[in-house]
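As structure tokens, the structure follows; a few thoughts come after it.
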Amino acid sequence: MIRKKLLVLFCIVLGVSSCYQYNKPEKPKNLIPKEQMVNILLDLKLIGAVTGRDKEVLDSAKVVPESYVYKKYNIDSAQFANSNAYYTYYMKEYAEIYEKVKDSLSKLKNILYRHSR
């Protein structure tokens with residue numbers, strides 16, 4: 001009975017790990033460097049905040065948020081999507097990127113808070 005359970009558990013682990021390896025993305029030839037990815041994600045977060053709060057500001061300026069960011073960093077949507085997919089597969093690297101984004105947002109928040117007093 002224990003052998004059957006171990007065999008079933010082994011098959012499940014083997015199946016999950018093989019699927020995990022199968023979906024591993026190849027490193028894109030034009031992978032966006034980590035620091036640039038931090039800046040891109042930071043800009044997307046800031047634009048997202050504006051869009052959520054004052055959509056009219058972007059509409060009146062005729063700014064398409066994603067297009068603006070792609071143009072600013074000289075990338076396209078496919079390059080961003082491929083780089084993002086690559087980094088999300090490697091959770092540790094993506095966590096490091098997002099930690100830097102969070103730190104930057106916290107610093108900006110503190111600066112804005114001090115200036116608003």
Side-chain angles (χ1 to χ4, degrees):
M1 186 70 168
I2 292 177
R3 284 185 182 178
K4 280 186 179 182
K5 288 182 180 181
L6 286 174
L7 181 61
V8 169
L9 180 63
F10 176 75
C11 289
I12 291 171
V13 169
L14 183 63
V16 169
S17 65
S18 66
C19 290
Y20 183 75
Q21 292 299 322
Y22 179 74
N23 292 326
K24 181 180 177 179
E26 289 186 33
K27 185 175 182 178
K29 293 177 184 172
N30 59 352
L31 180 67
I32 298 169
K34 285 183 188 180
E35 283 306 313
Q36 187 176 10
M37 199 67 175
V38 169
N39 295 331
I40 292 168
L41 291 171
L42 179 61
D43 282 354
L44 288 172
K45 292 286 185 190
L46 292 171
I47 289 173
V50 170
T51 303
R53 183 173 175 148
D54 295 318
K55 185 166 177 17
E56 305 86 43
V57 172
L58 291 176
D59 289 344
S60 67
K62 297 183 179 174
V63 173
V64 179
E66 291 83 10
S67 297
Y68 169 78
V69 173
Y70 299 151
K71 186 175 180 179
K72 178 179 177 181
Y73 292 98
N74 196 29
I75 61 172
D76 60 29
S77 59
Q79 183 181 7
F80 175 75
N82 290 335
S83 295
N84 198 48
Y86 179 80
Y87 285 125
T88 55
Y89 181 82
Y90 296 99
M91 299 291 263
K92 184 179 176 189
E93 289 186 47
Y94 206 61
E96 291 170 4
I97 289 169
Y98 255 91
E99 193 60 37
K100 289 179 181 181
V101 171
K102 280 177 41 182
D103 289 347
S104 296
L105 287 171
S106 293
K107 288 175 186 174
L108 285 172
K109 181 180 174 183
N110 289 335
I111 290 168
L112 291 172
Y113 179 74
R114 279 184 274 163
H115 287 344
S116 67
R117 290 178 149 195

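Not measured: the values here are computed from a predicted model.
Atom CG of Leu44 is separated from atom OH of Tyr68 by 11.0 Å, given to the nearest 0.5 angstrom. To the nearest 0.5 Å, atom CD1 of residue Ile75 and atom CG of residue Asn30 are 9.5 Å apart. Separation of atoms CD1 (Ile40) and CG (Asp43) is listed at 8.0 Å; rounding is to 0.5 Å. A distance of 11.0 Å separates OG in Ser67 from CG in Asp76, rounded to the nearest 0.5 Å. To the nearest 0.5 Å, atom NZ of residue Lys109 and atom NZ of residue Lys102 are 12.0 Å apart.
Across every non-hydrogen atom of Glu26 and Tyr86, the tightest pair is O-CD1, 3.8 Å. Across all non-hydrogen atoms, the minimal contact from Leu42 to Ser104 is CD2-CB, 3.7 Å. Of all the heavy atoms in Leu41 and Val101, the pair that sits closest is CB-CG2, 3.9 Å. Nearest heavy-atom pair, Ala85 versus Pro25, reported as atom, atom and distance to 0.1 Å: O-CG, 4.0 Å.
The side-chain heavy atoms of Met37 and Phe80, taken from C-beta on, include a pair separated by under 4.5 Å. At least one side-chain heavy atom of Asn110 sits less than 4.5 Å from a side-chain heavy atom of Arg114. The shortest side-chain heavy-atom distance between Tyr90 and Glu96 does not fall under the 4.5 Å cut-off.
Tyr87 places a side-chain N or O within donor-acceptor distance of the main-chain N or O of Ile32, the cut-off being under 3.5 Å.
Heavy-atom neighbours of Asn74 CG from other residues, nucleotides or ligands within 6.0 Å: at or below the threshold of 12.
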